[in-house]
Amino acid sequence: MKWINRNDSTRNYEDRRGRGMKRGAAFGGIGAIIIAIIALLLGQNPLQMIDMAGGLAPGQSSEEVVDPSRVNENEDLKVFTLGVFNSANDVWSEIFRTQMQQTYRPPTLVTFTDATSSGCGHASSAVGPFYCPADEKVYIDLNFFHQLVRDYGAQGEMAIAYVTAHEVGHHVQKLLGVLDQVNQYRGRVAQAEYNRLNVKMELQADFFAGLWANQAQRMNMILIEDGDLESAISATTAVGDDTLQKQAQGYTVPDSFTHGTAAQRTYWYKKGFQTGDVRQGDTFNDPSLN
């Protein structure tokens, strides 16, 4: 992926690197690892950490601890991620204006180190990148992208861009009312049924991530190069529910899937990548997902 016109605006950006949260009852470190292992053993997708599916405890006391040596940590990843984030907002602003006759309201990107607070509660780095609909912010500990390569084998810049564009996709779902529509079923339907709804929501965000790449190139923001699609697919494959459950426990529990299989996530990302047509991303009415 090559930048043609990178938007480095910090208008919708909060830099909290080096500003960790120290809490009375620590949630990070070993505690977070134990909770992640339990989630895996219960058949949960640990990359729900990406979308902040639990493990947060609003209202607990915390204090900020500043580490000056880390305030510029992962600067190259910060510059790249901010560029993708701004590009995604520019793409969605255009789509909302020309295809939906609506005004797009951009979210805010927050980069942090180790732990931070959000409108959805306290989050450690173990939560991974996530979108918080309560404050309309995307939170990313940039060290996650090293983990993406080390632990999940996802290589290249488009793998990183996929994660960021996916989270912006959740913000689009918030603006379109999709998040509220899915959340209204929480506790009102069987867990397996709610999981299927969540899978459709996540696959739509994957489609939106692929759509971003298509439209960003069309709008002369980026140039897609050989290997870029494969880079993104290395990430969609790595974070499939089936891939993660097999790695964690050796078998899968399909009724517990919350994000979709590797094949499903790859299919919907590629569909957005290849078509660039927002009308093709209605995962909720796709018969193959019923």
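No side-chain donor from either of Thr283 and Glu202 sits under 3.5 Å from a side-chain acceptor of the other. No hydrogens or angles considered: a donor-acceptor pair under 3.5 Å links the side chains of Asn290 and Lys200. In the model, Asn143 has a side-chain atom that pairs as donor or acceptor with a side-chain atom of Glu73 under 3.5 Å. For the residue pair Tyr194/Asn183, the side-chain donor-acceptor check at 3.5 Å is satisfied. Using a 3.5 Å distance cut-off with no hydrogens or angles, the side chains of His170 and Glu167 do not pair a donor with an acceptor. Checked by atom type, the side-chain pair His259/Asp206 shows no donor-acceptor distance below 3.5 Å. Side-chain contact, Asp241 with Gln245: no donor N or O sits under 3.5 Å from an acceptor N or O. A donor-acceptor pair shorter than 3.5 Å cannot be found between the side chains of Gln215 and Glu94. Looking only at atom types and distance, the side chain of Tyr13 has a donor-acceptor partner in the side chain of Thr111 under 3.5 Å away. Between the side chains of Asn195 and Asp255, no donor-acceptor pair is found at a separation under 3.5 Å.
Among all heavy-atom pairs drawn from His166 and Ala205, the shortest one is CE1-CB, 3.4 Å. Residues Ala154 and Ser234 share a closest heavy-atom pair of CA-OG, 3.3 Å. Between Leu179 and Met201, the shortest heavy-atom contact is CD2-SD, 3.1 Å. Heavy atoms only, all atoms of each residue included: Cys132 and Gly119 are closest at SG-C, 3.6 Å.
No donor-acceptor pair under 3.5 Å is formed between the side chain of Asp141 and the backbone N or O of Thr113.
In this structure, Asp114 CG and Arg17 CZ are separated by 13.0 Å, a value rounded to the nearest 0.5 Å. One finds the CG atom of Asp8 at 8.0 Å from the CH2 atom of Trp3 (value rounded to the nearest 0.5 Å). Rounding to the nearest 0.5 angstrom, the gap separating the OG1 atom in Thr81 from the CD atom in Glu157 is 9.5 Å. The CE atom of Met1 sits 4.5 Å away from the CD1 atom of Ile222 when rounded to the nearest 0.5 Å. Here the straight-line distance linking atom CH2 of Trp268 with atom OG of Ser288 works out to 6.0 Å at 0.5 Å rounding. Taking OG1 of Thr258 as the reference point, atom CG of Leu197 lies at 12.0 Å (rounded to 0.5 Å).
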Side chain to side chain contact (heavy atoms under 4.5 Å, CB included) evaluation trace for Trp212 with Ile95: CA-CA 10 Å; Trp212 159 76; Ile95 291 174; over 6 Å; no

Full working for side chain to side chain contact (heavy atoms under 4.5 Å, CB included) between Glu230 and Met158: CA-CA 8 Å; Glu230 291 74 16; Met158 283 298 283; over 6 Å; no

Pair Lys78-Asp76, salt bridge (Lys or Arg N to Asp or Glu O under 4.0 Å): steps then yes or no: CA-CA 5 Å; Lys78 170 255 181 177; Asp76 56 337; over 6 Å; no

Salt bridge (Lys or Arg N to Asp or Glu O under 4.0 Å) assessment of Arg16 paired with Glu14: CA-CA 6 Å; Arg16 302 183 191 174; Glu14 293 181 22; 2.8 Å; yes

side-chain hydrogen bond (donor to acceptor under 3.5 Å, both in side chains) between Thr236 and Tyr267, intermediate numbers included: CA-CA 9 Å; Thr236 60; Tyr267 171 82; over 6 Å; no

Residues Leu109, Ile140; criterion side chain to side chain contact (heavy atoms under 4.5 Å, CB included); working and verdict: CA-CA 8 Å; Leu109 172 65; Ile140 300 178; 4.0 Å; yes

Derivation of the side chain to side chain contact (heavy atoms under 4.5 Å, CB included) call for Val172 and Phe96: CA-CA 10 Å; Val172 173; Phe96 269 57; 4.0 Å; yes

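Counting non-hydrogen atoms of other residues, nucleotides and ligands closer than 6.0 Å to NZ of Lys174 gives a total above 12. Residue Arg150 qualifies as enclosed at atom CZ: its count of foreign heavy atoms under 6.0 Å is above 12.
Ring geometry for His171 against Tyr104 counts as perpendicular: the plane angle is over 60°, on a 0 to 90° scale with 30° as the lower cut. Aromatic ring pairs are classed by plane angle as parallel below 30°, tilted from 30° to 60° and perpendicular above 60°; the pair Phe130 and Tyr139 is parallel.
Partners of Phe85 under the ring-ring contact (aromatic ring centres under 6.0 Å, His included) rule, at least two apart in sequence or in another chain, do not exist in this structure.
Ile4 forms part of a hydrophobic cluster together with Leu223, judged by ILVMFWY side-chain heavy-atom separations under 4.5 Å.
Aromatic ring centres of Tyr162 and Tyr269 lie closer together than 6.0 Å.
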